[in-house]
Novice: 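I am attaching a structure below and will ask some questions about it afterwards.
Values below: all heavy atoms of this structure, side chains included; hydrogens, waters and symmetry mates excluded.
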Amino acid sequence: MTSAALGPVGATALVRAVFDAVSLLLRPPSVEEPAAVDVSGAPTAGRLARLWEEHRRALYPDSFRGVDVEGVSLILLDAEVAGLVQRELNGGLDDLGIANLWACITDLDKVVPLINSEYCASYFAKIRTMAGLAAARHLPTAT
């Protein structure tokens, strides 16, 4: 998709979805959600668990069933991230799971800016946020 095909309404929706995702990542913790971290300094699973529950209640964008963006099947990407996040919450990911999660993040970073529906872009931006939180525990430490 080119910028000419996106149009002002689509561009506004896309920018809004990106800002919503960044806002979720950078917002200060609420009183109910302390900024607890594990020994490595990574965030605890509390925020990830909350976002997972929100995602489970969210409706998949009907008009995007069976849609591929840049060769990425959106419904399969959603399912893959959901499975990986659930595994992370239920005990953690193995090396293959971590690699798959980072591959999903790469795909999300590629497709989210190209989605021309406000709801769908927001839906997948939230999935990207969830994937980022799950991956945060698996960042290599600086040496």
Side-chain angles (χ1 to χ4, degrees), residues 1 3 5-142:
M1 179 180 290
S3 60
L6 190 56
V9 173
T12 302
L14 180 62
V15 170
R16 182 176 294 123
V18 170
F19 276 100
D20 288 346
V22 171
S23 175
L24 284 172
L25 286 171
L26 299 178
R27 79 178 170 124
S30 65
V31 175
E32 309 87 45
E33 183 184 349
V37 295
D38 66 16
V39 189
S40 69
T44 59
R47 183 164 178 224
L48 179 59
R50 183 181 52 79
L51 287 174
W52 169 245
E53 288 305 317
E54 288 176 10
H55 177 70
R56 289 183 52 185
R57 289 188 303 272
L59 296 175
Y60 186 86
D62 279 334
S63 61
F64 282 81
R65 290 189 191 282
V67 172
D68 289 7
V69 175
E70 292 292 312
V72 176
S73 168
L74 295 182
I75 201 158
L76 292 178
L77 181 59
D78 176 34
E80 179 77 11
V81 172
L84 292 165
V85 166
Q86 192 170 27
R87 283 175 46 204
E88 176 65 19
L89 289 169
N90 292 330
L93 295 170
D94 58 11
D95 289 341
L96 180 59
I98 295 166
N100 288 340
L101 181 62
W102 283 107
C104 288
I105 289 171
T106 299
D107 284 344
L108 286 162
D109 288 344
K110 178 171 69 170
V111 301
V112 169
L114 302 175
I115 297 172
N116 61 0
S117 158
E118 182 176 351
Y119 178 76
C120 189
S122 174
Y123 180 91
F124 279 93
K126 289 175 185 175
I127 290 173
R128 171 58 177 91
T129 300
M130 215 172 33
L133 288 172
R137 299 189 57 175
H138 303 286
L139 291 172
T141 57

Novice: Compare all side-chain heavy atoms of V85 with those of L51 and state whether any distance is below 4.5 angstrom.
Specialist: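 A side-chain contact is absent here, since even the closest heavy-atom pair is not under 4.5 Å.
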
Novice: Can you name the residues that form a salt bridge (Lys or Arg N to Asp or Glu O under 4.0 Å) with R57, not counting sequence neighbours?
Specialist: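 R57 satisfies salt bridge (Lys or Arg N to Asp or Glu O under 4.0 Å) with no other residue.
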
Novice: Indicate every side-chain donor-acceptor pair of residues 92-99 with a distance under 3.5 Å to a residue at least two apart or in another chain.
Specialist:
| residue | atom | partner | partner atom | Å |
| --- | --- | --- | --- | --- |
| D94 | OD1 | R87 | NH2 | 3.2 |
| D94 | OD1 | L96 | N | 3.4 |
| D94 | OD1 | G97 | N | 2.7 |

Novice: Start with the C-alpha distance between R56 and E53, add both sets of side-chain angles, then the distance that settles salt bridge (charged side-chain N to carboxylate O under 4.0 Å, His left out), and finish with yes or no.
Specialist: CA-CA 5 Å; R56 289 183 52 185; E53 288 305 317; 3.6 Å; yes

Novice: How long is the span from the CG atom in L74 to the CZ atom in F124, to the nearest 0.5 Å?
Specialist: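 Spacing of CG (L74) from CZ (F124) equals 4.5 Å.
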
Novice: For D109, check salt bridge (Lys or Arg N to Asp or Glu O under 4.0 Å) against everything at least two apart and list the hits.
Specialist: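 Counting only residues at least two positions away or on another chain, D109 forms a salt bridge (Lys or Arg N to Asp or Glu O under 4.0 Å) with R128.
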
Novice: Y123: which residues meet the ring pair (Phe, Tyr, Trp, His ring centres under 6.0 Å) condition with it, sequence neighbours left out?
Specialist: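 With neighbours one apart ignored, the set is H55, Y60.
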
Novice: What pairs with V72 under side chain to side chain contact (heavy atoms under 4.5 Å, CB included), at least two apart in sequence or on another chain?
Specialist: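 Listed in chain order: L77, D107, K110, V111.
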
Novice: Who pairs with D62 by side chain to side chain donor-acceptor pair (under 3.5 Å), at least two apart in sequence or on another chain?
Specialist: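 Here the qualifying residues are R65.
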
Novice: Could you work out, with side chain to side chain donor-acceptor pair (under 3.5 Å) as the rule, every residue matching Q86, not counting sequence neighbours?
Specialist: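 In terms of side chain to side chain donor-acceptor pair (under 3.5 Å), with neighbours along the sequence ignored, Q86 is linked to no residue.
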
Novice: Looking at C104 and L84, what are the two nearest heavy atoms and their distance?
Specialist: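 Smallest heavy-atom distance, with atoms named: SG-CD1, 4.1 Å.
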
Novice: For the atom pair CD1 (I105) and CD1 (I127), what is the distance rounded to the nearest 0.5 Å?
Specialist: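 That separation rounds to 12.0 Å.
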
Novice: Over all heavy atoms of both residues, which pair between L108 and A131 is shortest? Give the atoms and the distance, please.
Specialist: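 Here L108 and A131 meet closest at CD1-CB, 4.3 Å.
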
Novice: Residues in side chain to side chain contact (heavy atoms under 4.5 Å, CB included) with L76, at least two apart?
Specialist: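 Partners of L76 by the side chain to side chain contact (heavy atoms under 4.5 Å, CB included) criterion, ordered by chain and then number, come out as S73.
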
